[in-house]
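Remarks on the structure that follows.
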Amino acid sequence: MTKQPFKSGFVAIVGRPNVGKSTLLNRVIGQKIAIMSDKAQTTRNKIQGIYTTDEAQIVFIDTPGIHKPKHRLGDFMVDSALSSLREVDAILFMVNASEKRGPGDNFVIEKLKHTKTPVFLIINKIDEIHPDALFEIITDYSKELDFTAVVPISALNGNNVETLLEQVVGYIPEGPKFYPDDQVTDHPEYFIVSELIREKVLKLTREEIPHSVAVVVESMKKNEHDKIQVQATIIVERSSQKGIIIGKSGSMLKKIGSMARRDIELMLGNKVYLELWIKVKKDWRDKQSSLQDFGYRKDDY
Ligand SMILES: Nc1nc2c(ncn2[C@@H]2O[C@H](COP(=O)(O)OP(=O)(O)OP(=O)(O)O)[C@@H](O)[C@H]2O)c(=O)[nH]1
Ligand SMILES: [Mg+2]
């Protein structure tokens, strides 16, 4: 039997916030490289995850949820998600099976109408619905756009994700292997470390706090005890928020620190000593210079 030529390509995962895009990326890669939370607008940058098999290598691009921006950070997020549509071989448009198609989904569909790239409809969270409800969802979305394929999945429990991968490989062109087999992302470690810290803030805080926080890793180096010493700053928009992040006698900051440290140790495979600082930068989400400083740079995409 002749061997099939190797395939490689890029695939974007897009959709409105909270539908499970990052959960799918992590499921496909088998490792947590994109942070996840039950709060909308968790992902702020494009996150690349590299999936490699004997036949193909696919760079999956997880993107920020497309929404109506309320500040410059939101503009950056939406622009970054939409920019991914221009540079890929296939698009996975993800929707939530347990919610009705809404204006957010329709906005993304309008954008997708302008692309010639194959678009897959990924109906996620099927673990939350009765299988009989699926037909109606498929019919409803298929009225709006001519999808290359429709794949219902559960990113959370992995249901049907293998089938999705097989189908996607079919739409990837012949091409070389860009990355070594064991590489799962091309983001620097310090970026993922800062995201893991931000994820804990998202998990442990409520209302406007999760959205007002940025995290910057200032330094990462091995100390004399063979531990990786990480110094990071949590940036908030107001001093009242700083108080909440610190918590009663520092309890909240301690919790954020110990949860983040565990995840960072898992990722780095090394003991970690984590030092967290907090800084107030008034209205940073609307300041271009702050966005640059905190890692939201247009030239990165
Ligand atoms: N029940 C169920 N929950 C899911 C599934 N996939 C994701 N979730 C949950 O949905 C929430 C959002 O998941 P994320 O992966 O952060 O969603 P996202 O689309 O990346 O969100 P943004 O980054 O804000 O755009 C989390 O609480 C996940 O656990 C699924 O298949 N089933
Ligand atoms: Mg996400």
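Whatever order the structure lists them in is the order used to number ligands and atoms, beginning at 1.
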Does the separation of the ring centres of Phe60 and Phe10 fall below 6.0 angstrom?
-> no
Ligand 1 and Ile35, any nitrogen or oxygen pair closer than 3.5 angstrom?
-> no
Pick whichever of Glu199, Lys203, Lys125 has a heavy atom sitting closest to atom 8 (N) of ligand 1.
-> Lys125
Find the distance between CD1 (Ile91) and OG (Ser84) and round it off to the nearest 0.5 Å.
-> 7.0 Å
Where the side chain of Glu99 meets the backbone of Asn96, is there a donor-acceptor pair that is under 3.5 Å apart?
-> no
Please say whether Arg16 places an N or O atom under 3.5 Å from an N or O atom belonging to ligand 1.
-> no
Can you find an N/O atom of Thr42 closer than 3.5 Å to an N/O atom of ligand 1?
-> yes
Ligand 1 and Ala40, any nitrogen or oxygen pair closer than 3.5 angstrom?
-> no
Distance-only side-chain donor-acceptor flag, Asp181 / Thr52, under 3.5 Å = no
Which ligand 1 atoms does Ser37 reach within 4.0 Å, using its non-hydrogen atoms?
-> 11 (C), 12 (C), 13 (O), 16 (O), 26 (C), 27 (O)
Short N or O distance, Gly20 and ligand 1, threshold 3.5 Å exclusive = yes
Atoms in ligand 1 with a heavy atom of Gly65 nearer than 4.0 Å = 25 (O)
Quick one: closest heavy-atom pair of Ile50 and Gln57, and the distance?
-> CG2-NE2, 3.6 Å
Return a yes/no value for Ile153: is any of its N or O atoms, backbone included, closer than 3.5 angstrom to an N or O of ligand 1?
-> no
Can you tell me the protein heavy atom closest to atom 32 (N) of ligand 1 and the distance?
-> Asp127 OD1, 2.7 Å
Roughly how far, to the nearest 0.5 Å, is CG of Leu274 from CG of Asp263?
-> 11.0 Å
Check: Glu199 side chain, Ile35 main-chain N or O, donor-acceptor pair, under 3.5 Å = no
Side-chain H-bond candidate by donor/acceptor type, Asp89 with Tyr171, under 3.5 Å = no
Heavy-atom nearest neighbour in the protein, as seen from atom 6 (N) of ligand 1, with distance rounded to 0.1 Å | Asn124 ND2, 3.2 Å
Basic-acidic side-chain contact under 4.0 Å: Arg198, Glu195 = yes
Atoms of ligand 1, numbered as shown, that sit under 4.0 Å from any heavy atom of Gln41 = 24 (O)
Pro17 and Ile66 have their tightest heavy-atom pair at CD-O, 3.2 Å
Can you figure out which of Thr23, Asn18, Asp38, Val161 has its heavy atom closest to atom 14 (P) of ligand 1?
-> Thr23
Numbered atoms and elements of ligand 1 in range of Glu128, under 4.0 angstrom, heavy atoms | 1 (N)
Is a side-chain donor-acceptor pair under 3.5 Å present for Gln229 with Glu275?
-> yes
Give the ring-plane orientation class for Tyr141 versus Phe93, where under 30° counts as parallel, over 60° as perpendicular and anything between as tilted.
-> perpendicular
Heavy-atom contacts with Lys21 under 4.0 Å: which atoms of ligand 1 show up? List them by number with element.
-> 15 (O), 17 (O), 18 (P), 19 (O), 20 (O), 21 (O), 22 (P), 25 (O)
d(Ile228 CD1, Ser219 OG) to nearest 0.5 Å is 11.5 Å
Tell me, which protein N/O/S atoms are under 2.8 Å away from the Mg ion (ligand 2)?
-> Ser22 OG, Thr43 OG1
Identify, for atom 29 (O) of ligand 1, the protein heavy atom at the shortest distance, and state residue, atom and that distance.
-> Leu156 CD1, 3.8 Å
Check whether any side-chain N or O of Lys287 sits under 3.5 Å from a backbone N or O of Lys282 as a donor-acceptor pair, and report yes or no.
-> yes
